[in-house]
Q: 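Sharing a structure below in structure tokens format, with a few things to ask.
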Protein chains: 2
Amino acid sequence: METVRRMPRAERREQILDAATRAFAVGGYTATGLDDVAAEAGVSRVILYRHFESKTDLYRAVLDRAGSRLGERVGESGFSDQTIPALLRAADADPDGFRLLFRYAAREPEFRDLIDDFTRESVQIARQHLAARIADPKWADWAARLVFAVAVEGVIAWLDAGRPDPGTAAERVSRAVHGVIEAAS
Amino acid sequence: METVRRMPRAERREQILDAATRAFAVGGYTATGLDDVAAEAGVSRVILYRHFESKTDLYRAVLDRAGSRLGERVGESGFSDQTIPALLRAADADPDGFRLLFRYAAREPEFRDLIDDFTRESVQIARQHLAARIADPKWADWAARLVFAVAVEGVIAWLDAGRPDPGTAAERVSRAVHGVIEAAS
DNA sequence: CCTCTTGTTTACTTTCGAGTCTACAAATAC
DNA sequence: GTATTTGTAGACTCGAAAGTAAACAAGAGG
């Protein structure tokens, strides 16, 4: 019988967050039980409650951390030729968090607020850039949403493909994004 | 007190499917209770069980119908300049079904099989077209996924925008798709 | 008029997973 | 060596939503 791995409280908390991110990234909030999280963390279910008040609390902590990391790396103002590379780096640094945020949290009524700020702001920035190129504001909005979706989907598809060619990935995603911008103008 | 609207069995079944499609399209499977569905259908909860064995059964029926309609309109073979217009028409004919399939069902572990066939086949077709243009198969796969995502996201964004300019919408989505294809080549 | 079908209402049971309680074990720190 | 912290195990409660049962109401068609 293997000896039990003990950790100081703060470290365990982080380790649980890591494991929970992985577990939730598989199927989202409702499809993931606390037993799954506990198993992934290699810890009994009760321990989760010594670090987080509830499943909701834990999930929000996971999303918060993922969202903060994303915000730190990408920044939340402006769009430059460094934005896409930064998005890639953020996804590379925390792939499960990235997937979880955009693949699941964005569709979960209770939790989407945690990623919607980022999305809304990004789309808003895209809209401002596109307004000069697209006369009809309805279609500018449409294009802004699509541009953001292409960036995110491009990154997730890159993650799912096993993160090939990290050096040139940003260039490829950028080209796709600009391809849509051109096509929409 | 308003008199109760009775319907022949088959008609009621369809009407429930319509209402359920609307209800589920708001928040997906788990976030939608049978009470919500019953309310949307203007019928008591018990009636649902006289037409469908279970919530799962009802949901699958909804997704089946939406998937069939989609398949009928888009066809499941080949890609031509009629494919995007057909996709738009399908979404226009059944916007809630379309949204439900791609926005929620595609992310629900228990139910994604009902839309994954369509998605897989579409991506496969895209891949074949792109193989000639993109040497590295990893990046051809990536581009194929992205192209499909752009088509779907473009359509959903159009729905969410209130379906402006039905005449030119297909042209815009097509341009976006080809923009990504060019950019990825 | 009678019967079948469609519908309602209300109350019930079942199920599942979240969340709790208690008692115990063992590593660490002083 | 003792107290404290970190951990386990297992049995439990609780609540929400799914699913069931029974009794009754009323329109439609023969």
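Keep in mind that the numbers below use all heavy atoms, side chains included, and drop hydrogens, waters and symmetry copies. As the structure is a computational prediction, the values presented were derived from the model and not from experiment.
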Q: Under the salt bridge (charged side-chain N to carboxylate O under 4.0 Å, His left out) definition, can you give me all pairs with a residue in residues 19-28 of chain A, not counting sequence neighbours?
A: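 Those involving residues 19-28 of chain A are A:R22-A:E40.
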
Q: Between the base of C:dT28 and the side chain of A:R6, is there any donor-acceptor pair under 3.5 Å?
A: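 When only heavy-atom distances are counted, A:R6 does not reach the base of C:dT28 through any donor-acceptor pair under 3.5 Å.
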
Q: Near DNA chain C, under 4.0 Å by heavy atom, which residues of residues 37-47 of chain A?
A: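 Here the set is A:R45, A:V46.
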
Q: For A:D18, give me all partners under side chain to side chain donor-acceptor pair (under 3.5 Å), at least two apart in sequence or on another chain.
A: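 If we apply the side chain to side chain donor-acceptor pair (under 3.5 Å) test to A:D18, skipping adjacent residues, the hits are A:R65.
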
Q: Could you tell me which residues satisfy side chain to side chain donor-acceptor pair (under 3.5 Å) with A:S44, sequence neighbours excluded, listed by chain and number?
A: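 In terms of side chain to side chain donor-acceptor pair (under 3.5 Å), with neighbours along the sequence ignored, A:S44 is linked to no residue.
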
Q: Quickly work out the A:D35 CG to D:dA9 C1' distance and round it to whole Å.
A: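 One finds 13 Å between C1' of D:dA9 and CG of A:D35, rounded.
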
Q: Tell me the interatomic distance from B:L48, atom CG, to C:dG7, atom P, rounded to whole angstroms.
A: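 It works out to 11 Å between those atoms.
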
Q: Would you state whether a donor and an acceptor, one from the side chain of A:R50 and one from the base of C:dT20, lie under 3.5 Å apart?
A: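 Such a pair does not exist between side chain and base.
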
Q: Only pairs under 3.5 Å count here: list side-chain donor-acceptor contacts from residues 97-109 of chain B, not counting sequence neighbours, and write none if there are none.
A:
| from | atom 1 | to | atom 2 | distance (Å) |
| --- | --- | --- | --- | --- |
| B:R99 | NH1 | B:D160 | OD1 | 2.3 |
| B:Y104 | OH | B:V26 | O | 3.0 |
| B:R107 | NH1 | B:F102 | O | 3.0 |
| B:E108 | OE1 | B:Y59 | OH | 2.6 |
| B:E108 | OE2 | B:Y29 | N | 3.0 |
| B:E108 | OE2 | B:Y59 | OH | 3.4 |

Q: Between P on D:dA18 and NE2 on B:H51, what's the gap in Å once rounded to a whole number?
A: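 Distance check: B:H51 NE2 to D:dA18 P gives 18 Å.
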
Q: Mind listing the closest non-hydrogen atom pair of B:E153 and A:R145 along with its distance?
A: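 So the minimum-distance heavy-atom pair works out to OE1-NH2, 4.2 Å.
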
Q: Would you confirm whether B:W142, through its side chain, and A:A161, through its main-chain N or O, come within 3.5 Å as a donor-acceptor pair?
A: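 Not a single qualifying donor-acceptor pair exists.
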
Q: Whole angstrom is fine here: how far is it from CG in A:L34 over to P in D:dG10?
A: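 Between P of D:dG10 and CG of A:L34: 19 Å.
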
Q: Show me, pair by pair, the donor-acceptor contacts under 3.5 angstrom made by side chains of residues 111-118 of chain B, not counting sequence neighbours?
A:
| from | atom 1 | to | atom 2 | distance (Å) |
| --- | --- | --- | --- | --- |
| B:R112 | NE | B:D116 | OD2 | 2.9 |
| B:R112 | NH2 | B:D116 | OD2 | 3.3 |
| B:D113 | OD1 | B:R60 | NH2 | 3.1 |
| B:D113 | OD2 | B:R60 | NH2 | 2.9 |
| B:D117 | OD1 | B:R120 | NH2 | 3.2 |

Q: Excluding sequence neighbours, so at least two apart, what forms salt bridge (Lys or Arg N to Asp or Glu O under 4.0 Å) with A:D35?
A: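 Per chain and number, A:D35 pairs via salt bridge (Lys or Arg N to Asp or Glu O under 4.0 Å) with A:R45.
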
Q: Got a sec, which pairs hit salt bridge (charged side-chain N to carboxylate O under 4.0 Å, His left out) with one end in residues 84-97 of chain B, sequence neighbours left out?
A: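 Salt bridge (charged side-chain N to carboxylate O under 4.0 Å, His left out) check on residues 84-97 of chain B returns B:R69-B:D94, B:D92-B:R163.
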
Q: Check the distance between C:dG17's C1' and A:D36's CG and give it to me in whole angstrom.
A: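 A:D36 atom CG is separated from C:dG17 atom C1' by 11 Å.
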
Q: Can you name the residues that form a salt bridge (Lys or Arg N to Asp or Glu O under 4.0 Å) with A:R127, not counting sequence neighbours?
A: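 Partners of A:R127 by the salt bridge (Lys or Arg N to Asp or Glu O under 4.0 Å) criterion, ordered by chain and then number, come out as A:D141.
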
Q: For B:M7 and for A:Y29, find the nucleotide of DNA chain C with the closest heavy atom, then tell me which residue's nucleotide is more 5'.
A: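 Counting from the 5' end, the first nearest nucleotide belongs to B:M7.
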
Q: In residues 53-62 of chain B, which residues come under 4.0 Å of DNA chain C by heavy atom?
A: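 None, since no heavy atom is under 4.0 Å.
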
Q: Restricting to pairs with a member in residues 170-185 of chain A, which pass salt bridge (charged side-chain N to carboxylate O under 4.0 Å, His left out), not counting sequence neighbours?
A: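 Counting only pairs at least two positions apart or across chains, the salt bridge (charged side-chain N to carboxylate O under 4.0 Å, His left out) contacts touching residues 170-185 of chain A are A:R133-A:E182.
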
Q: Got a sec? Which of residues 9-18 of chain A come in under 4.0 Å of DNA chain D, heavy atoms?
A: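 A:R9, A:R12 - these, ordered by number, are the residues of the stretch whose heavy atoms sit under 4.0 Å from the strand.
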
Q: Quiz question: going by heavy-atom distance under 3.5 Å, is there a donor-acceptor pair between the base of C:dG7 and the side chain of B:R5?
A: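 No, no donor-acceptor pair under 3.5 Å.
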
